[in-house]
Amino acid sequence: MRDVVVAANWKMHTTPADAGELARTIASRTREPGVTRVICPPYVCLAAVGAALADADPDVAVGAQNIHHELAGAFTGEIAAPMLEGLATWVIVGHSERRRDAAETDELIGRKLGRATDAGLRPILCVGEQLSERETGRATDVVDAQLRGALAGHDPVEMTAHGLVIAYEPVWAIGTGRNATGADAAAMAETIRASLSTLGWADGADVVPILYGGSVTSANIGAFLAEPSIDGALVGGASLKPDEMAGIVARAAITARARGLAG
Ligand code: 13P
């Protein structure tokens, strides 16, 4: 059975001085059986968050928000996957904000995926269409192409063994307060699983967790988790608020129990 995952993407928020305390508070407010929790702070806060969680609740994993596609070299300001050893066990790859701001291509994102798994990091691959693409009926083609581009050349068995997670984040729903419907997200999850099957994931429909991301809150998470094809959420703005995280993870725990994951 697939994990139920709630991953917090703190984006460019928090400092080393305050991140540990926020992580500690979120950890203590989200202790629910069966839900895999991940906090992805900025790089400079990884150590503080890791130290706080080791003390408060080692079950909460730490993730990075990005890695470079090379192992080392003259890449000023960048962070390579092996540098995260001891700091993170998960990594977000291909977030739409990086596709937009750092011109990341599917091919580049695919290389990052390989670096992530080589370094033993569990990757969350983000995909999602722009508003204009949805409005012109191209959403599924766009997401399918993103998956094909990023996963080309990767061995499905190896990716699955490394715990690949896919986050469907429609760009028009990120930070806008305008979330997709549960049915929209579920339909795209089915598309994603169909794409995985054609890419060689024989059991693609069953093994890869698919998260929804885009203006997720404690008030709307239920609409997504009511869909059997959705396995959790990648949460942005609301993930900085302990009350919101408590509500989101509490709802995820209901799904985990229903799926027999709560032990
Ligand atoms: P918001 O939840 O702020 O819309 O952000 C979603 C997101 O981009 C998570 O990666």
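Atoms within a ligand are numbered from 1 in the order they appear, just like the ligands themselves.
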Within 4.0 Å of some non-hydrogen atom of N9, the atoms of ligand 1 are 9 (C), 10 (O)
**Item:** Any donor-acceptor N/O pair, H162 side chain to P123 backbone, under 3.5 Å
**Value:** no
Q: Answer yes or no for G213: is there a heavy-atom contact with ligand 1 below 4.0 Å?
A: no
When R99, R111, K112 are each screened for salt bridge (Lys or Arg N to Asp or Glu O under 4.0 Å) with E104, the one that passes is K112
Under 4.0 Å from one or more heavy atoms of G214, ligand 1 contributes atoms 4 (O), 6 (C)
One should read off an interatomic distance between R148 CZ and D141 CG, to the nearest 0.5 angstrom, of 10.0 Å
Any N or O of S215 that comes nearer than 3.5 Å to an N or O of ligand 1?
yes
So, regarding G236 and ligand 1 (criterion: nitrogen or oxygen to nitrogen or oxygen, under 3.5 Å), is there a contact or not? yes
D184/R178 ion pair, N-O < 4.0 Å
no
Worksheet item: With no hydrogens and no angle check, is any side-chain donor or acceptor of D3 less than 3.5 Å from a backbone partner on P209?
Response: no
Which of R100, K11, Q65 passes side-chain contact (heavy atoms from CB on, under 4.5 Å) with H95? It is K11
Atoms of ligand 1 under 4.0 Å from any heavy atom of L234, numbered from 1 in the order shown, are 9 (C), 10 (O)
Residue, atom and distance of the protein heavy atom nearest atom 3 (O) of ligand 1 read G237 N, 2.8 Å
* Asked: N/O of G175 under 3.5 Å from N/O of ligand 1, yes or no?
  -> yes
For A173, the ligand 1 atoms with a heavy-atom partner under 4.0 Å come out as 4 (O)
Q.
Please report whether ligand 1 has a polar contact with I174, defined as an N or O pair separated by less than 3.5 Å (distance criterion only).
A. no
The option among E97, K11, E169 carrying the non-hydrogen atom nearest to atom 5 (O) of ligand 1 is K11
Problem set entry | ligand 1 contacted by C126 (non-hydrogen, < 4.0 Å) | no
- Message: For D59, is there an ion pair with R31 - N to carboxylate O distance below 4.0 angstrom?
- Response: no
*asked:* Over 60° means perpendicular and under 30° means parallel, so tell me whether F75 and H68 are parallel, tilted or perpendicular.
replied: tilted
